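Report on the following structure.
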Protein chains: 2
Amino acid sequence: MNKEEQVILGFRDILNKIVWLNKPKMEESLKGHKSSEVHCLEFIGKNADSNVTKLAESFFMTRSAISKITKKLLEKDLIESYQKPENKKEIYFRLTEEGLAINKIHDDLHKEFRERDKKVFEQVTEEQFDSILSFVEMYSKHLDAEIKKQEVAIKPE
Amino acid sequence: MNKEEQVILGFRDILNKIVWLNKPKMEESLKGHKSSEVHCLEFIGKNADSNVTKLAESFFMTRSAISKITKKLLEKDLIESYQKPENKKEIYFRLTEEGLAINKIHDDLHKEFRERDKKVFEQVTEEQFDSILSFVEMYSKHLDAEIKKQEVAIKPE
DNA sequence: ATCATTTTGTTTCCTAGTCAACAAAAATGA
DNA sequence: TCATTTTTGTTGACTAGGAAACAAAATGAT
């Protein structure tokens with residue numbers, strides 16, 4: 001196997017394992033709230049004036065999917081929507097108190113997971129970190145460019 | 001943001017973008033076959049005596065899901081099943097000619113994607129590669145151990 | 001200003017995958 | 001040996017998410 005694929009498979013493997021491993025605790029602590037819902041809460045908490053479109057782009061999901069998730073979050077009163085006077089089309093979200101609380105629980109859980117994996121990250125040198133992060137950034141930017149290329153290639157048809 | 005999360009988010013971001021970017025060509029070349037089906041074909045092609053359980057473990061999916069996928073692959077005559085005389089329970093799979101052909105197309109497509117991303121990987125030094133791969137391996141092993149821990153912790157109940 | 005195009009969000013229909021329950025075979029243990 | 005437990009694969013009910021079609025608002029072009 002060549003290194004390119006080894007890297008990608010390695011990434012995928014790690015993420016799969018993390019999801020698998022975190023799932024039980026996630027479900028226990030965030031009873032009733034799906035992980036996609038919690039992810040949306042996290043994003044809305046961090047980004048002012050979040051809307052369906054921005055959420056969708058960030059998660060590489062369809063607006064359709066996000067629209068359904070935010071609908072649920074609204075019904076559960078974890079977020080509330082608002083609009084701006086100058087735009088009657090876009091609908092923004094912000095967290096409610098209750099949404100903030102869920103976010104906090106989620107944060108704490110992540111702290112716990114970080115603690116669990118600490119011994120791995122302790123063994124990583126600064127240079128190794130920088131090496132990994134610079135690769136990630138470079139690859140990510142390249143993919144952005146390729147995605148943009150593809151979009152203009154598809155649109156005109 | 002701390003580096004741990006930056007790394008994980010970076011990995012996730014890259015994989016999301018790759019999936020998003022590859023999807024159109026995948027669907028075009030492998031018309032009618034879903035990506036999960038093709039992944040199973042790939043695994044079956046590479047691993048002798050694949051069965052539902054091994055596929056499920058490798059992909060971190062349920063046996064249920066894999067069972068449905070292999071059922072479809074059988075119906076499409078892309079794989080065939082066989083058993084061993086000493087075991088009447090386990091059902092193994094191998095590729096048919098047609099399955100091999102699909103696999104080939106998939107392989108070529110990956111070559112194309114690798115070509116597309118070549119300029120990124122060309123800029124990566126050997127040391128950087130080794131740095132990344134050793135981190136991936138270390139983290140992966142740690143997660144394996146944690147998963148095993150969790151399994152024994154859950155089982156007795 | 002007006003008409004065409006694009007953007008945004010929603011809904012309906014459909015499919016992929018999970019969960020839970022199950023049956024059959026295999027492994028374990030007394 | 002025979003009974004219990006575990007493993008393996010399958011199914012049915014359910015849910016999350018994608019595709020397509022849509023309406024309403026915004027943007028752009030002339």
Side-chain angles (χ1 to χ4, degrees), chain A residues 16 19-20 22-24 26-28 30-40 44 49-76 79-93 151-152 154-157, chain B residues 16 19-20 22-24 26-28 30-40 44 49-76 79-93 151-152 154-157:
Chain A
N16 280 338
V19 169
W20 187 265
N22 293 358
K23 187 190 272 185
M26 287 287 221
E27 287 178 351
E28 186 195 334
L30 301 162
K31 252 193 166 65
H33 309 298
K34 302 292 163 192
S35 71
S36 59
E37 294 171 23
V38 180
H39 280 138
C40 284
I44 293 169
D49 295 343
S50 303
N51 60 4
V52 168
T53 299
K54 284 182 205 154
L55 283 160
E57 281 171 356
S58 159
F59 297 146
F60 288 86
M61 288 172 64
T62 59
R63 291 200 308 272
S64 167
I66 301 292
S67 178
K68 288 164 191 167
I69 294 171
T70 53
K71 191 180 175 185
K72 272 201 249 174
L73 293 174
L74 284 167
E75 283 165 359
K76 293 194 205 174
I79 59 174
E80 52 193 18
S81 63
Y82 62 96
Q83 292 191 281
K84 297 189 176 180
E86 70 269 23
N87 190 317
K88 296 189 202 322
K89 189 171 59 161
E90 299 184 358
I91 301 170
Y92 307 101
F93 303 110
E151 274 169 2
V152 302
I154 290 177
K155 269 285 172 61
E157 289 164 26
Chain B
N16 280 339
V19 169
W20 188 265
N22 293 359
K23 188 189 273 186
M26 286 287 222
E27 287 178 350
E28 186 195 334
L30 301 161
K31 252 193 165 64
H33 309 299
K34 303 293 165 193
S35 71
S36 59
E37 293 171 26
V38 179
H39 280 137
C40 283
I44 293 168
D49 295 342
S50 304
N51 60 2
V52 167
T53 298
K54 284 182 205 154
L55 283 159
E57 281 171 358
S58 159
F59 296 147
F60 288 85
M61 289 173 63
T62 59
R63 292 200 307 272
S64 168
I66 301 293
S67 178
K68 286 167 188 169
I69 294 171
T70 53
K71 190 180 177 186
K72 273 203 248 173
L73 292 174
L74 284 167
E75 283 164 0
K76 293 194 205 175
I79 59 175
E80 53 193 17
S81 63
Y82 62 96
Q83 293 191 282
K84 296 187 177 181
E86 70 270 23
N87 190 318
K88 295 189 204 322
K89 188 171 61 159
E90 299 184 359
I91 301 170
Y92 307 100
F93 304 111
E151 274 169 1
V152 301
I154 289 177
K155 270 286 172 60
E157 291 167 26

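Computed from a predicted structure; not experimentally measured. Order of the sequence lines fixes the chain letters, A, B, ..., with proteins taken first and strands second; residue numbering starts at 1 for each chain.
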key: Close side-chain approach of Tyr82(B) and Ile91(B), heavy atoms under 4.5 Å   = no
key: Atom-pair distance (CG on Asn51(B); P on dA25(C)), nearest Å   = 17 Å
ask   = To the nearest angstrom, how far is Leu55(B) atom CG from dT7(D) atom C1'?
value = 16 Å
inquiry  = Nearest whole Å is fine: how far is dG17(C) C1' from His39(B) NE2?
reply    = 15 Å
request  = Round to a whole Å and report the spacing from CG of Asn87(B) to C1' of dA25(C).
outcome  = 8 Å
task = Determine which nucleotide pairs with dG17(D), using a 3.5 Å limit on both distances of a Watson-Crick or G-U wobble pair.
result = dC14(C)
ask   = Atom CD1 of Ile79(A) to atom P of dG9(C): distance rounded to whole Å?
value = 12 Å
ask   = So does Lys23(A) get a side-chain nitrogen or oxygen closer than 4.0 Å to the phosphate oxygens (OP1/OP2) of dC19(C)?
value = yes
key: Short side-chain to backbone donor-acceptor contact, Lys54(A) and Asp49(A), under 3.5 Å   = yes
key: Contact under 4.0 Å: Thr53(B) side-chain N or O vs dT7(D) OP1/OP2   = no
request  = Find the distance Met61(A):CE to dA19(D):P and express it as a whole number of Å.
outcome  = 11 Å
inquiry  = Applying a 4.0 Å non-hydrogen cut-off, can you work out what Ile66(A) is touching in the nucleic acid: base, sugar-phosphate, or nothing?
reply    = nothing
Spacing between Glu57(A) atom CD and dT7(C) atom P, to the nearest angstrom = 10 Å
remark   = Met26(A) CE to dT18(C) P, in whole Å, measures 17 Å
task = For dC19(C), take OP1 and OP2 only and decide whether either is under 4.0 Å from a side-chain N or O of Thr62(B).
result = no
inquiry  = One character per nucleotide, please: for nucleotides 10-15 of chain C, 5' to 3', B when the base has a protein heavy atom closer than 4.0 Å, S when only the sugar-phosphate does, - otherwise.
reply    = BBBB--
query = Between Lys84(A) (side chain) and Glu90(A) (backbone), is there a donor-acceptor pair under 3.5 Å?
reply = no
task = With sequence neighbours excluded, tell me which residues meet salt bridge (charged side-chain N to carboxylate O under 4.0 Å, His left out) with Lys23(A).
result = none
